[in-house]
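Protein chains get the first letters and strands the later ones, always in sequence-line order, with residue 1 at the start of each.
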There are 2 protein chains.
Amino acid sequence: MRRDVFQAIADPTRRAILLLIAAHAMTPNAIAEHFDSTRQAVSKHLKILTECELLKQKFTGREIYYEVNANKMKDIDKWLAQFRKIWETRFSQLDAVLAQLKQDKKK
Amino acid sequence: MRRDVFQAIADPTRRAILLLIAAHAMTPNAIAEHFDSTRQAVSKHLKILTECELLKQKFTGREIYYEVNANKMKDIDKWLAQFRKIWETRFSQLDAVLAQLKQDKKK
DNA sequence: ATTTTGCGAAACCGAATAGTTGCATATATA
DNA sequence: TATATATGCAACTATTCGGTTTCGCAAAAT
């Protein structure tokens, strides 16, 4: 199944999970304790977050620690960066126009 | 209906719309020309993006120009900033631990 | 060896989603 | 005035989504 970072963070529970374990890795049971829904529901969220690589698994015995993949979080920032770039050039073009107007005024 | 920025950008078509009109405002018809789906489908996307304030409408006669609300885009960045903050303190704590180890070694 | 614990996977269900077609309305244009 | 154009809205549909319950399995604990 195609998993997308943006689709993954669309769900508020999944965003909460990311924030919860951003500080330190946690097991599914420990994570589920912080939410009203069942462990299985949380497990589904973890699966989705793992499939899009926002989470990494660390296996220790029968426990699985989930931790945030900081590197993948950058994908969101990269997308935002596109807009920053567009707006910068747009404003620099505006600057050029304003400079031209100033120039014309002098004449 | 409750509209969320994260839910809005979950859809790839909506992300494409945002990028398309980031440079300059466009009308629904002009936007729809860039996609395979019908004008009505695009119009629905525009409605969702407008409801969560990622887009602003400019009315001129019977035409409606849609433009990106750069300010609302910051909401996404604010969310990302939480993680940056967590990771900064986590690393500074790590620094403290390392410093302590160094201290202990001296003794 | 038996029981408990931690976990994922499957089957199912109601709600939400993205798309379509068809229609109504207001503004240009002939 | 009649017609074409730009747009939003409603009804319908197939699919996806988030949740639950039930189950199976492997690792600990007893």
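Separating the CG atom of L46(A) from the C1' atom of dG8(C) is a distance of 11 Å, rounded to the nearest angstrom. Rounded to whole angstrom, the span from the OH atom of Y66(B) across to the P atom of dT7(D) amounts to 8 Å. K44(B) has its NZ atom 14 Å from the P atom of dA16(C), to the nearest Å. Across the protein-nucleic acid pair, M26(A) atom CE and dC7(C) atom P stand 11 Å apart, rounded to whole Å. One atom, CZ of R15(A), and another, P of dC17(D), lie 16 Å apart when rounded to the nearest Å. Note: CZ (R3(B)) to C1' (dA18(C)) measures 11 Å, nearest angstrom. Protein atom CG of D4(A) is 15 Å distant from nucleotide atom P of dT16(D), rounded to whole Å. Between D11(A) atom CG and dA15(C) atom P the separation is 17 Å, expressed in whole Å.
With hydrogens and angles left out, the side chain of R39(B) and the base of dG8(D) share a donor-acceptor pair within 3.5 Å. Remark: the Q40(B) side chain and the dG22(C) base include a donor-acceptor N/O pair separated by less than 3.5 Å.
Contact between the side-chain N/O atoms of N29(B) and the OP1/OP2 oxygens of dT7(D) is found at a separation under 4.0 Å. The phosphate of dC7(C) has OP1 or OP2 within less than 4.0 Å of a side-chain N or O from T27(A). In this model, the phosphate group of dG19(D) is approached by a side-chain N or O of H45(A) to a distance below 4.0 Å at OP1 or OP2. Residue S43(A) places none of its side-chain N or O atoms closer than 4.0 Å to OP1 or OP2 of dC7(C).
If you check the side chains of Q57(A) and Y66(A), you find a donor sitting under 3.5 Å from an acceptor.
Contact detail for W79(A) and L19(B): the closest heavy-atom pair is NE1-CD1, 4.2 Å. Residues L49(A) and A8(A) share a closest heavy-atom pair of CD2-CB, 4.1 Å. When all heavy atoms of P28(A) and V42(A) are compared, the pair lying nearest together is O-CG1, 4.5 Å.
A heavy-atom distance below 4.5 Å is found between the side chains of M26(A) and H24(A).
With dT21(D), dC23(C), dT17(C) as the choices, the nucleotide that has an atom nearest any side-chain atom of Q7(B) turns out to be dT17(C).
From I9(B), atom CD1 reaches atom CD1 of I17(B) across 13.5 Å, with rounding to the nearest 0.5 Å.
Residues S37(A) and A30(B) each lie close to DNA chain D; by heavy-atom proximity, the contact nearer the 5' end of the strand is made by A30(B).
Shown for residues 53-65 of chain B: residues whose heavy atoms fall under 4.0 angstrom of DNA chain C, namely G61(B), R62(B).
Panel note: side chain N69(B), backbone K56(B); no donor-acceptor pair is recorded below 3.5 Å.
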